[in-house]
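Just so you know, ligand 1 is whichever comes first in the structure, and atom 1 is the first atom listed for that ligand. Hydrogens, waters and symmetry mates play no part in the numbers below; they use all other heavy atoms, side chains included.
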Amino acid sequence: MDHHATTPVDPRVADVVLDAMVNVFGNANSVDHTHGEAALELVERATAEVADLIGSDVAGVRFTSGSTESIRLSVGHAIATRRDRVLRVAATTVEHQAVLDAIRIGIRSGLAEVFWIEVDAEANIRPESLQAALREKVDLVCVMGANNEVGTIYPVEQIARDVHLAGAKLLVDGTQAVGRVDLRVIDWGLDYLAFSSHKMYGPKGVGALVVSNAAMHSEITEHVLGHDGTLNVPGIAGFGEACRLMGAEGPGDEGRIRACRDRLEARLVQDLPDIVVNGSRGNRLAHNLHLSVPGMPNDAVIARLRNKVAVSTGAACSSGAQTPSHVLKAMGLSEDMQEGAIRIGLGKWTTQDDVDRAAAEIVAAVREVGRSMRGI
Ligand code: PLP
């Protein structure tokens, strides 16, 4: 129930990884012999599968270790192409920590400045705030495809139009969205798209940065983004297969996952009248359910669910740190609501039986914590 943090590897993907690891062990950069050539062929096939899923050409695809690296490379590349002055970046206040950190590094180095794009109580972008940032003549706008905490989906096609009209470039953090919502690099002119294999039933430690032709810069692009090292061929092959499966089966899976999510939500809302569903009910990822039990410490609920139901308090890298979520803060949620927040993320193998068991366990945990708070 925490598929936003990561997903289990699809056994079909694992077969591809194992086969590449054992049978195609050549170095994709050493093509003087057939071992290297076979490895390069796997990388090329994976590149085509990645490009296919997000409507890009293969020339734009670069393999990385995951979204964090892809995002850092994008911001670094945007800074490098603006050598004459600091990079003016606009970003939503609900971006993932990976984006916030990349921007912060640029600011600390004196190479970037930031303009914030505000969101409403459902984490939707406030259009007037986006327009205000665009009037500041920003160079780069960072908008995620979908939020990793409350699941809100962003109108990337429309945003890309506005951003380009203002003469800026767009970086889309597609980590939670790719394969689940429509994102098209060429048709929508996305300049940088970052995403990760381990959020789509692929192996960890591999992801992609897709760069549009428009964002390429003859000297700088290869210098900043070129990959001279030995490629992670098994990981890349597995990532390609995960993308192929997401393209072929993702839309069908989404319907089933949404039905399970709605069943879970209905059970919880019925049995726990105080519960509030956060984010946009009509415009969120099908597998996302973000709840608050106002005033109830979420760590106490999660501790009672340990070894029974895997849910989280928020973003993978923030949970455990016990710091309030910057996303919920940006949405203007009260401290009570922030304190009682629980993030649930279903997956393609979550069954109705899992949902019913999870609902029963969550209801029992919340009631137990409620009783102990009242000293009963
Ligand atoms: N962006 C978003 C929206 C995420 O959810 C995550 C991971 O949780 C990341 C970026 C970082 O991804 P990775 O783990 O591939 O570095």
Side-chain angles (χ1 to χ4, degrees), residues 1-9 13 50 53-54 61-76 89 91-105 117 119 123-125 141-154 156 159 170-181 183 190 192-210 232 235-236 238-239 242-243 246 279 284-290 310-321 323 325-328 330-331 341 343-347:
M1 294 283 164
D2 192 18
H3 286 74
H4 293 294
T6 196
T7 52
V9 175
V13 170
V50 169
L53 183 64
I54 37 90
V61 177
R62 268 134 182 88
F63 290 108
T64 65
S65 63
S67 290
T68 302
E69 185 186 347
S70 300
I71 289 162
R72 282 198 186 184
L73 283 173
S74 312
V75 175
V89 189
T92 80
T93 48
V94 293
E95 290 304 303
H96 189 270
Q97 199 58 42
V99 172
L100 303 181
D101 285 346
I103 295 172
R104 202 159 292 140
I105 292 167
I117 302 168
V119 298
N124 295 302
I125 288 176
V141 176
C142 306
V143 170
M144 60 207 325
N147 186 266
N148 53 295
E149 292 193 35
V150 294
T152 304
I153 297 168
Y154 296 96
V156 171
I159 291 168
L170 180 63
L171 160 57
V172 177
D173 173 0
T175 314
Q176 298 286 342
V178 166
R180 299 187 169 91
V181 302
L183 286 172
L190 309 184
Y192 303 97
L193 175 64
F195 60 109
S196 213
S197 150
H198 76 102
K199 307 287 187 181
M200 50 170 82
Y201 309 96
K204 290 172 182 56
V206 57
L209 166 59
V210 181
N232 168 12
I236 290 170
F239 180 27
C243 287
M246 206 68 181
R284 63 184 155 157
L285 292 168
H287 64 306
N288 176 275
L289 178 55
H290 194 283
V311 296
S312 83
T313 56
C317 54
S318 319
S319 81
T323 48
S325 148
H326 70 277
V327 172
L328 304 184
M331 291 162 65
R343 179 184 71 169
I344 298 173
L346 282 66

- Note on the structure: Going by the 4.0 angstrom heavy-atom rule, the piece of Thr68 near ligand 1 is both
- Where the closest heavy atom to atom 15 (O) of ligand 1 is concerned, which of Ala5, Ser196, Gly66 has it? Ser196
- Query: Between Ala208 and Ser70, what is the shortest heavy-atom contact and its length?
  - Reply: O-OG, 2.9 Å
- Message: Quick one: does any side-chain atom of His198 pair with a main-chain N or O of Thr6 as donor and acceptor, under 3.5 Å?
- Response: no
- Task: Taking Ser197 for its side chain and Pro203 for its backbone only, find out whether a donor-acceptor pair lies under 3.5 Å.
- Result: yes
- In terms of atom number and element, which parts of ligand 1 are under 4.0 angstrom from non-hydrogen atoms of Asn148? 3 (C), 5 (O)
- Closest candidate by heavy atom, reference atom 5 (O) of ligand 1, pool Gln97, Glu95, Gln176, Met144: Gln176
- Message: Donor-acceptor pair, distance only, cut-off 3.5 Å: does the side chain of Ser196 make one with the backbone of Lys199?
- Response: no
- Give the minimum heavy-atom separation between Leu285 and Asn147, together with the two atoms involved. CD1-O, 4.1 Å
- Query: Considering only heavy atoms, does Lys199 approach ligand 1 within less than 4.0 Å through its side chain, its backbone, both, or neither?
  - Reply: side chain
